[in-house]
Amino acid sequence: MKKRKTFRDILAALLVIFIALQFVRPSIPQQPVTSDIQAPPEVKAILRRACYDCHSNETKLRWFDQISPASWRVAEHIKSGRAVLNFSEWDKIAAPDRAGKLWESVNQAIAGAMPLKDYETIHREAHITEKDLIILKDYLNATVKDHPGDTAKQNAAKQQYQNWIDGKMNSAQLPKTLNGITYMPDYKNWQAISTTDRFDNGTMRVIFGNDIAVKAVHDGKINPWPDGTIFAKVAWDQLENKDGNVTTGAFKQIEYMIKDSRKYADTHGWGFARFKTPQLIPYGKTATFTSECVGCHKPVADRDFVFTSPLKN
Ligand code: HEC
Ligand code: HEC
């Protein structure tokens, strides 16, 4: 009997605490919407649905978000989410950085890093569906393949690519570096796993990963990266039109890293290659050009010489 009473007392105490907690709800600051992202309506609709609770001033809290102590976690997410990226204060981001931020955002959604998983579990409507993925990838592809002011070169590259698909071009016709790595046009079908939002020297960079890389990310087996992993880092000039919108300009260069721990044992298991200009001129006067690559990638030796961290979790 005594035991029962203690149990009831504990329950009652917990209930009192729970009710008391409801009075110490964190406040989520109301901030005005001063601007908004510019993206095609179908892309925007996805971001609105999946991201705006944490990355805008248009947060829509559901009743279950407002119950303490869960509400504290929600408030924390909103606070830090808005701090790194706020779609409602888009005008506060420097014009040249906006395109990069949007790029990064879409990539985060495609890579499955955003929205935050625990949020997604209880907000099913924020889930990025297969259909959403197609829309987001199409959007990225259109941005990547759009090289204004460079139509002739772009068409030439497209033709080269089409020839490659049609098998009209044998590998001997594709450029090759002195360490024996052939240009791989196929990167265009890989997944963009990261963009660098640094617009220092006026270039825009996108890093693509092949299926093995993407699977390794998915399985969390990225240190070391498995043999067969290939990264392509592509850089374009960055063009800004009179409205301050940034688009990709001329193709500058493409760099590859191919993982084969035996073949490329001399360079820490990675084969390095770089092709410059739209003519894809192989970089390096001698095969030892790779020591330049290795040297600069050395600071991330503990991450298997790879800078990019595709998932921020
Ligand atoms: C539940 C809240 C929440 C939702 C929903 C959410 N995010 Fe985030 N996001 C965060 C938080 C918190 C951070 C910062 C901490 C971190 O990186 O984990 C962040 C970081 C980011 C960053 C990195 C920004 C930078 O400059 O470092 C990007 C990009 C991003 N989110 C995009 C998105 C996109 C796109 C969506 C929708 C598909 C989304 N987020 C949905 C909370 C959220
Ligand atoms: C001056 C330093 C430097 C040199 C030299 C350099 N890299 Fe990198 N590389 C970087 C940085 C930094 C990144 C991370 C992405 C970014 O910031 O652009 C990177 C990223 C990459 C990536 C994407 C995978 C990753 O690690 O994130 C590839 C592929 C790559 N580099 C290939 C090469 C090749 C091939 C060479 C030599 C021809 C080379 N790099 C030389 C600094 C360098």
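Order of listing sets the numbers, starting from 1, for every ligand and every atom in it. Remember, it's a predicted structure, so these values are computed and weren't measured experimentally. Any value given below was found using the heavy atoms of this structure, including those in side chains, with hydrogens, waters and symmetry copies removed.
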* Could you tell me which atoms of ligand 2, counted from 1 in the order shown, lie closer than 4.0 angstrom to a heavy atom of Arg274? => 36 (C), 37 (C), 38 (C), 39 (C), 41 (C)
* To do: Heavy atoms only: give me the nearest His127-Asp132 pair and the separation to one decimal.
  => O-OD2, 3.5 Å
* Would you check if atom 8 (Fe) of ligand 1 lies under 2.8 Å from any N, O or S atom of Ser105? => no
* To do: Report yes if Glu292 has an N/O atom closer than 3.5 Å to an N/O atom of ligand 2; otherwise report no.
  => no
* In terms of hydrophobic clustering (I, L, V, M, F, W, Y; side-chain heavy atoms under 4.5 Å; direct or indirect links), are Leu47 and Val84 co-clustered? -> yes
* To do: Counting heavy atoms only, name the option from Gly81, Cys54, Ala109 that's nearest to atom 11 (C) of ligand 1.
  => Gly81
* To do: Check each of Val84, Ile122, Val106 against atom 22 (C) of ligand 1 and report the one with the nearest heavy atom.
  => Val84
* To do: Show which atoms of ligand 1 fall inside a sub-4.0 Å distance from at least one heavy-atom site of Cys51.
  => 34 (C), 35 (C), 36 (C), 37 (C), 38 (C), 39 (C), 41 (C)
* Asked: Do Val106 and Leu133 belong together in a cluster built from hydrophobic side chains that touch within less than 4.5 Å?
  -> yes
* So how far is it from Asp36 CG to Arg48 CZ, rounded to the nearest 0.5 Å? -> 5.0 Å
* Asked: Between His268 and Phe305, what is the ring plane arrangement, given parallel below 30°, perpendicular above 60°, and tilted in between?
  -> parallel
* When you measure from atom 19 (C) of ligand 2 to each heavy atom in Phe307, Phe208, Phe272, Phe275, which option holds the nearest one? -> Phe307
* Structure fact -> Which atom of His297 is nearest atom 8 (Fe) of ligand 2, counting N, O or S only? It is NE2
* Starting from atom 8 (Fe) of ligand 1, look over the N/O/S atoms of His55 and name the nearest one. => NE2
* Structure fact -> One finds that the ligand 1 atoms under 4.0 Å from a non-hydrogen atom of Pro115 are 5 (C), 6 (C), 38 (C), 41 (C)
* To do: Return yes or no for this condition: an N or O of Arg205 is under 3.5 Å from an N or O of ligand 2.
  => yes
* Asked: Looking only at heavy atoms, what is the nearest atom pair of Ile128 and Ala109, with distance?
  -> CD1-CB, 4.2 Å
* Quick one: is the NZ or CZ of Lys259 closer than 6.0 Å to the six-membered ring centre of Trp270, and within 45° of its axis? -> yes
* Asked: Which atoms of ligand 1 have any heavy atom of Ser80 under 4.0 Å away?
  -> 12 (C)
* Asked: Which atom pair, heavy atoms only, marks the closest approach of Leu102 to Ala39?
  -> CD2-CB, 4.1 Å
* From the candidates Leu85, Leu136, Leu47, Asp65, the one that places a heavy atom nearest atom 28 (C) of ligand 1 -> Leu85
* Counting each atom of ligand 1 from 1 as listed, which ones have a heavy atom of Leu116 under 4.0 Å away? -> 1 (C), 2 (C), 42 (C), 43 (C)
* What distance do Ile135 atom CD1 and Glu42 atom CD have between them, rounded to the nearest 0.5 Å? -> 6.0 Å
* If we only count N/O pairs under 3.5 Å, is Thr308 in contact with ligand 2? -> yes
* To do: Using a 4.0 Å heavy-atom threshold (strictly under), name the region of Ala273 that reaches ligand 2: side chain, backbone, both or neither.
  => backbone
* Asked: If two hydrophobic side chains count as joined below 4.5 Å and joins carry through other members, does Phe208 share a cluster with Leu280?
  -> yes
* **Per-atom contacts of ligand 2 with Tyr256, taking only distances under 4.0 Å to non-hydrogen atoms** => 29 (C), 35 (C)
* Do the ring planes of Tyr183 and Tyr187 sit parallel (below 30°), tilted (30 to 60°) or perpendicular (above 60°)? -> perpendicular
